[in-house]
J.: 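The structure is given below, and queries will be raised subsequently.
Each ligand, and each atom within it, is numbered from 1 in the order the structure gives. Since the structure is predicted, the reported quantities are computational estimates derived from the model, not experimental observations. The basis for the numbers below is simple: all heavy atoms, side chains too, and nothing from hydrogens, waters or symmetry mates.
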Amino acid sequence: MSDVTTKELRIVGFLCNWCSYGGADTAGVARAKQPTDLRIIRVPCSGRVDPLFIVRALFLGADGVLVSGCHPRDCHYSTGNFYARRRLEVLKQFLPILGIDSRRFEYTWVSASEGQRWQHVVTTFTEQIHSLGAAPKFMDVEPKEFKLGARVSTPILPLGAGQDQPLKELKTAIKEALPKLEVVIGWQQGRDPLHAVPLFMRKAEDVDKLIWGPCNVHNVATYLREYQGHKVGLVLKACDARSVIELLQENLASREDLTLFSLPCQGTFDYGRVEQCIGRYTQLSDVQFTQSAATVMVDGTSKTLPYAEYMQSKCLRCTSRLPKLVDISFGTDPTEDAKDARESAESLPPELALVESLSLEERMAFWRASMERCIRCGACRNSCPMCICRDHCISDTRDPHFMTQADTFLEKLFFQVIHALHLAGRCTECGECQRSCPLGIPILALRQKLNRIISELFAGYQAGSDPSQVPPLLCYAVEEPKIKEREW
Ligand code: FES
């Protein structure tokens, strides 16, 4: 077995106190020859290793990171490494989307008596890192913008058309239910007929303001956390209902407190594209919704917004127009009629397709350019229905001081990684983070990638599809059919 003799690289090792640290000690006591690149951080259990520790180490200049714990079934806290195995595998597959070679991170299992095995593991990993060379640094990469590819323009069903009667019935139902509820949340017209804002209905008169159609972009489930323990009604699009289901899965909402209303949704506007078309205006006097387009009168000029071109990309791939969980709904599900007219649900969303088309180095350049634009306004976090830590968000807390408030692209990218990893297995891809970003940064790509990894590893799991399911990173299995143990 060779020990590495070229110039040392920076490798960080997180070793569980009870097994792998003991194994490293055994190798030392036996005077087993080992490379000296590894800097060991002793942790109580591999389950204590937050994937963010690894990302932080790699962002701060580590050339490689190794995590080693007790063998499965031998964890001294009985299940710590089962949870760790899921998280670490997800992270390993996620790193390339950031532009980091996944071979720079490995995890394995070494027991306290396996001094020889430790010697083998540390030597093999060090050789692997030396063969890759020093890790490219974000700081050294020239930022580069990449444009999203052209959208597929497909003929689709009209948005919000033909919903007048169901909307009337819905309003009647809400008025009947209102006395038993503290509030019902839906949408009303915003600053002009092309923009909607959330509507909090407390009195019957409020209900008359309710609108339904392509402008209802907000995910009203985001407001649910403010009403925990209160009787609340929500008017939901099918995609918003997934957030409600996910909150129920995590016991962050109670089904008895909720009354869920809905109409079939036929898609909502992508306001980034709409604003590109109509530009700045002082007066928007009229909007006509027809079967295939909205015609807008801005500053005396008529502009047409064909739905096929101005719909959110998530709507083009939507397979369910009615929520999976609903108490009161009206109208019929148009999904069947629209089946052939929409993009395949399996097709990659444009943000993710763009990042995946780039080389690792280009991805670093892409994220650097994107994050340099970020103004740290926090809109992405605040609009996320699944972001629930509030005062305890580790990006804000000073104890521990996990990240700084420095206005550097790396800190801003790290914030996005925190958000994405905390949503792993929980994100319903409602797209609110990206929609609310005033700089139009395609941050949804990180969540979309994680969702695909989770689905691949855990039998097609989709967040927010079944209230009785436990999110995969909040549970474990003793045998993991899709996770290949990394045994060297
Ligand atoms: Fe070693 Fe849990 S105690 S992995």
Side-chain angles (χ1 to χ4, degrees), residues 10-30 32 34-35 37-58 62 64-95 102-126 128-129 394 400 402 417-418 421-422 424-426 450 453-454 457-458 470-488:
R10 279 164 296 193
I11 302 178
V12 179
F14 294 96
L15 309 191
C16 120
N17 177 52
W18 302 102
C19 280
S20 297
Y21 193 81
D25 201 35
T26 307
V29 169
Q34 303 169 46
D37 309 52
L38 190 77
R39 300 290 177 269
I40 293 175
I41 298 173
R42 184 157 53 155
V43 291
C45 170
S46 61
R48 176 66 186 88
V49 181
D50 188 322
L52 292 171
F53 296 171
I54 296 149
V55 179
R56 193 69 170 158
L58 291 167
V65 179
L66 176 69
V67 174
S68 185
C70 311
H71 288 276
R73 293 191 171 89
D74 286 349
C75 173
H76 285 48
Y77 303 95
S78 104
T79 56
N81 54 5
F82 289 141
Y83 286 100
R85 182 169 56 186
R86 287 192 163 193
R87 283 187 229 138
L88 298 176
E89 182 61 31
V90 168
L91 177 74
K92 185 163 171 65
Q93 296 191 23
F94 174 70
L95 286 175
S102 62
R103 290 170 295 176
R104 294 193 179 276
F105 164 59
E106 294 289 356
Y107 64 92
T108 191
W109 321 116
V110 176
S111 80
S113 60
E114 293 179 318
Q116 250 191 340
R117 179 169 155 66
W118 171 256
Q119 181 195 28
H120 174 69
V121 163
V122 75
T123 308
T124 309
F125 184 61
T126 308
Q128 182 169 307
I129 298 301
I394 61 160
F402 206 70
V417 175
I418 291 175
L421 286 175
H422 282 183
R426 307 172 60 235
L450 278 167
I453 295 168
I454 298 263
L457 286 177
F458 306 112
V470 180
L473 296 192
L474 301 184
C475 59
Y476 68 89
V478 176
E479 301 294 338
E480 296 282 7
K482 287 289 186 78
I483 298 182
K484 223 167 73 209
E485 297 289 349
R486 293 187 155 70
E487 299 281 7
W488 289 309

J.: Using a cut-off of strictly less than 2.8 Å, determine whether His76 has an N/O/S atom near atom 1 (Fe) of ligand 1.
T.: no
J.: Would the distance check show the side chain of Arg87 and the main-chain N or O of Pro51 forming a donor-acceptor pair, the cut-off being under 3.5 Å?
T.: no
J.: Counting backbone and side-chain atoms alike, is an N, O or S atom of Cys45 positioned under 2.8 Å from atom 2 (Fe) of ligand 1?
T.: yes
J.: Between Ser20 and Val110, is there a donor-acceptor pair closer than 3.5 Å when you use the side chain of the first and the backbone of the second?
T.: yes
J.: Which of the atoms in ligand 1, numbered in the order shown and given with their element, are less than 4.0 Å from a heavy-atom of Tyr77?
T.: 3 (S)
J.: Looking at Arg48, I'd like to know if its CZ atom is crowded, meaning that more than 12 non-hydrogen atoms belonging to other residues, nucleotides or ligands lie closer than 6.0 Å.
T.: no
J.: Taking Trp109 as the fixed residue, which of Cys70, Ser46, Ser68 is the one that meets the side-chain contact (heavy atoms from CB on, under 4.5 Å) rule?
T.: Ser46
J.: Can you tell me if CZ on Phe458 sees more than 12 non-hydrogen neighbours from other groups inside 6.0 Å?
T.: yes
J.: Is the side chain of Arg85 donor-acceptor paired with the backbone N or O of Tyr107 at a distance under 3.5 Å, no angle test?
T.: no
J.: Closer than 4.0 Å to some heavy atom of Pro44 - which atoms of ligand 1 meet that?
T.: 3 (S)
J.: Please could you name the atoms of ligand 1 that Cys75 approaches to less than 4.0 Å, counting only its heavy atoms?
T.: 2 (Fe), 3 (S), 4 (S)
J.: Are Ala84 and ligand 1 in contact, using a heavy-atom cut-off of under 4.0 Å?
T.: no
J.: Find all atoms of ligand 1 within a distance of less than 4.0 Å from any non-hydrogen atom belonging to Trp18, and give their numbers and elements.
T.: 3 (S)
J.: Out of Ser20, Cys19, Ser46, indicate the one that has the non-hydrogen atom closest to atom 4 (S) of ligand 1.
T.: Ser46
J.: Would a distance-only check, ignoring hydrogens and angles, find a side-chain to backbone donor-acceptor pair under 3.5 Å from Ser102 to Gln93?
T.: no
J.: Any idea which atoms of ligand 1 are less than 4.0 Å away from a heavy-atom of Cys16?
T.: 1 (Fe), 3 (S), 4 (S)
J.: Near Cys70, which atoms of ligand 1 are under 4.0 Å from a heavy atom of that residue?
T.: 1 (Fe), 3 (S), 4 (S)
